[in-house]
Amino acid sequence: MSQNTQNIQHSLLSWYDQHKRDLPWRRTKDPYAIWVSEIMLQQTQVQTVIPYYERWMKRFPSIQKLAQATVDDILPFWEGLGYYARARNFHKAAQEIVQKYQGKIPTSAQELIQLSGIGPYTASAIASIAFDEDTPVVDGNVRRVISRLFLTPDDKDKIQEQAEKILAHGRAGDFNQAMMELGATICTPQNPQCLICPLQKNCQAFAKGLQADYPPLMKRVVQKAIKTVGGIIWKEDKILIHQRPLKGLLGGLWEFPNFRVSEKKEGSKLLQKYSHQEIGILISAGEKIRQVKHVYTHLIESLDIYLGRWVKGKIPSKNYKWVKSIELSQYPFTGICSKIRTRILNGTPNVSSSEEKKSHKALKKKESPEKVLIPT
DNA sequence: AATCCGGGGAA
DNA sequence: TTCCCAGGATT
């Protein structure tokens, strides 16, 4: 091992021992708990994950409890976290563990990666953190730190090679977390805090003043704008909701019926047309309640919501349901439709965006609605 | 090798 | 606004 590597390991681990954040999943060695955290942390920041992690662990405290649950049981605990396939894959893996592994979580990265939802990163993370296997992780943080430390080109194999070279054997779990912690708190994408960085003396980018140039920027994709029309469709005191197909965008989440449109016709007519074509019901469509925008990674959706009333026809029993407005909060909703749901429950069709955010959070805490919008 | 898959924090 | 986050599955 080179002098430089020894120095990096020592400086990084000393810094980590002294400065590591007190995170819920760092208070345990339970491999299941660490697994939960690693799945939630995929492409998701620590501060976002913490409340979800706490709620999840309370409701599904073990791999057995998770395996016993249904997909509909688990989705509400993932609502708003995004990348819903993570929840489904994790659930599937839990059932595999119970059925094929006698309920025992495998201890090696090589075995873990076989499970659904576990890729190279997560396999190494669980193996090193929960089982002390000497295997390095490479995530967005590690990629950036290594890229700057060694001016490594942004090549998957080169980064992996470097990560293996500097891994502190015997303390792989701490070392891996330290690399990620450094990337998250000091060696940040913009304005890295090089002056207080424990690896400043080892950093080739800092020596040349090239921190801002590493890693090279990725080309970004332009978001596509799409337009949809949807309806709050009443039948007596009930509203029609739809569960999205399990696979694909927002899989398994519920929403108010809405349809992709390209034509520039009148929205209420389109809602009638698609309600007939896609759902098989006849409705009368009234005024536009409001327009809601929602930004996805590759998509910007603009949804026009109309008030509707059922006239005749039977809904497909599978993915459609009539529910009372006060029951809406029992279903995990898509982000864009939860904005509208909030307004129905509050009886405030038009609120400012700041108020919208508050009421959205209030809903999640299951606070009782004050008023209910009366159908016209 | 590309593309899909969310929602939010931070500057 | 823009970047990107303790990535994995699908095609």
Side-chain angles (χ1 to χ4, degrees), chain A residues 16 20-21 23-26 34-53 75 78-90 92-93 112-130 136-145 155-157 159 163 173-185 187-193 212 215-224 244-253 293-301 332-339 353 357 360-361 364:
Chain A
Y16 181 69
K20 67 177 172 185
R21 291 170 288 182
L23 304 175
W25 45 90
R26 286 187 178 157
I34 290 166
W35 189 356
V36 172
S37 75
E38 290 302 340
I39 299 296
M40 288 187 170
L41 285 162
Q42 287 169 9
Q43 294 294 286
T44 311
Q45 300 190 72
V46 166
Q47 293 308 318
T48 305
V49 165
I50 289 174
Y52 284 89
Y53 173 86
L75 271 181
W78 213 272
E79 180 186 3
L81 196 55
Y83 288 132
Y84 299 91
R86 290 184 294 175
R88 293 199 310 274
N89 289 331
F90 186 22
K92 191 200 241 173
L112 286 163
I113 203 171
Q114 307 296 325
L115 295 159
S116 96
I118 296 186
Y121 164 78
T122 307
S124 284
I126 298 172
S128 64
I129 297 169
V137 300
V138 177
D139 75 329
N141 291 307
V142 174
R143 192 155 45 243
R144 183 172 56 257
V145 170
D155 175 287
K156 198 169 174 293
D157 295 328
I159 300 279
D174 284 343
F175 183 83
N176 285 336
Q177 293 188 79
M179 287 286 281
M180 296 190 282
E181 186 99 342
L182 189 74
T185 62
C187 195
T188 50
Q190 277 86 31
N191 308 317
Q193 306 294 303
L217 280 182
M218 305 197 297
K219 58 172 187 231
R220 65 182 187 85
V221 229
V222 212
Q223 291 159 319
K224 193 168 69 173
R244 299 176 61 92
L246 224 45
K247 64 170 300 187
L249 184 66
L250 305 165
L253 295 189
K293 285 193 192 305
H294 195 76
V295 179
Y296 301 89
T297 307
H298 300 284
L299 216 60
I300 300 178
E301 179 176 356
F333 258 53
T334 64
I336 189 166
C337 283
S338 78
K339 294 174 184 171
S353 62
K357 215 164 191 175
H360 183 60
K361 280 185 179 161
K364 287 193 160 183

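Chain identifiers are assigned alphabetically (A, B, ...) following the order of the sequence lines, protein sequences preceding nucleic acid strands; residue numbering begins at 1 within each chain. Excluded from the calculations below are hydrogen atoms, water molecules and symmetry mates; all remaining heavy atoms, backbone and side chain alike, are included.
For A:N89, there are no side-chain hydrogen bond (donor to acceptor under 3.5 Å, both in side chains) partners, not counting sequence neighbours. For A:E301, the salt bridge (Lys or Arg N to Asp or Glu O under 4.0 Å) criterion is met by no residue, not counting sequence neighbours. With sequence neighbours excluded, the residues that form a side-chain hydrogen bond (donor to acceptor under 3.5 Å, both in side chains) with A:S124 are A:T135. A search for side-chain hydrogen bond (donor to acceptor under 3.5 Å, both in side chains) contacts involving A:R244 returns A:E255, not counting sequence neighbours. Every side-chain hydrogen bond (donor to acceptor under 3.5 Å, both in side chains) that A:T44 has, sequence neighbours left out, goes to A:R86.
Listed here is the closest heavy atom pair of A:R26 and A:R21: NH1-O, 3.1 Å.
No contact: A:N176 has no heavy atom under 4.0 Å from any strand. Heavy atoms of A:H298 sit under 4.0 angstrom from at least one base atom.
Rounded to an integer number of Å, the gap from CD1 of A:I336 to P of B:dG6 is 13 Å. Rounded to an integer number of Å, the gap from CD of A:E79 to P of B:dG6 is 13 Å. When the C1' atom of B:dG7 is taken as reference, atom CG of A:L249 falls 12 Å away, rounded to whole Å. To the nearest angstrom, C1' of B:dG8 lies 12 Å from CD of A:Q47. Rounded to a whole Å, the CD atom of A:E301 is 10 Å from the P atom of B:dG7. Rounding to whole angstrom units, CD1 of residue A:I39 and C1' of B:dG6 are separated by 16 Å. The distance from atom CE of A:M40 to atom C1' of B:dG8 is 16 Å, rounded to the nearest whole Å. In this structure, A:I50 places its CD1 atom 20 Å from P of B:dG7, rounding to the nearest Å.
Separating the C1' atom of C:dA6 from that of B:dT3 is a span of 22 Å, rounded to the nearest Å. For the C1' atom pair drawn from C:dC5 and B:dG6, the interatomic distance equals 12 Å after rounding to whole Å.
Under the 30°/60° scheme for interplanar angles, the aromatic rings of A:W35 and A:F90 are found to be tilted.
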(message) Within the 4.0 Å limit for protein heavy atoms, which parts of nucleotides 4-11 of chain C are touched? Write it as a string from 5' to 3', B for base, S for sugar-phosphate only, - for none.
(response) SBBBSS-S

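Comparing A:F333 and A:V221, the nucleotide of DNA chain B nearest to each residue sits closer to the 5' end for A:V221.
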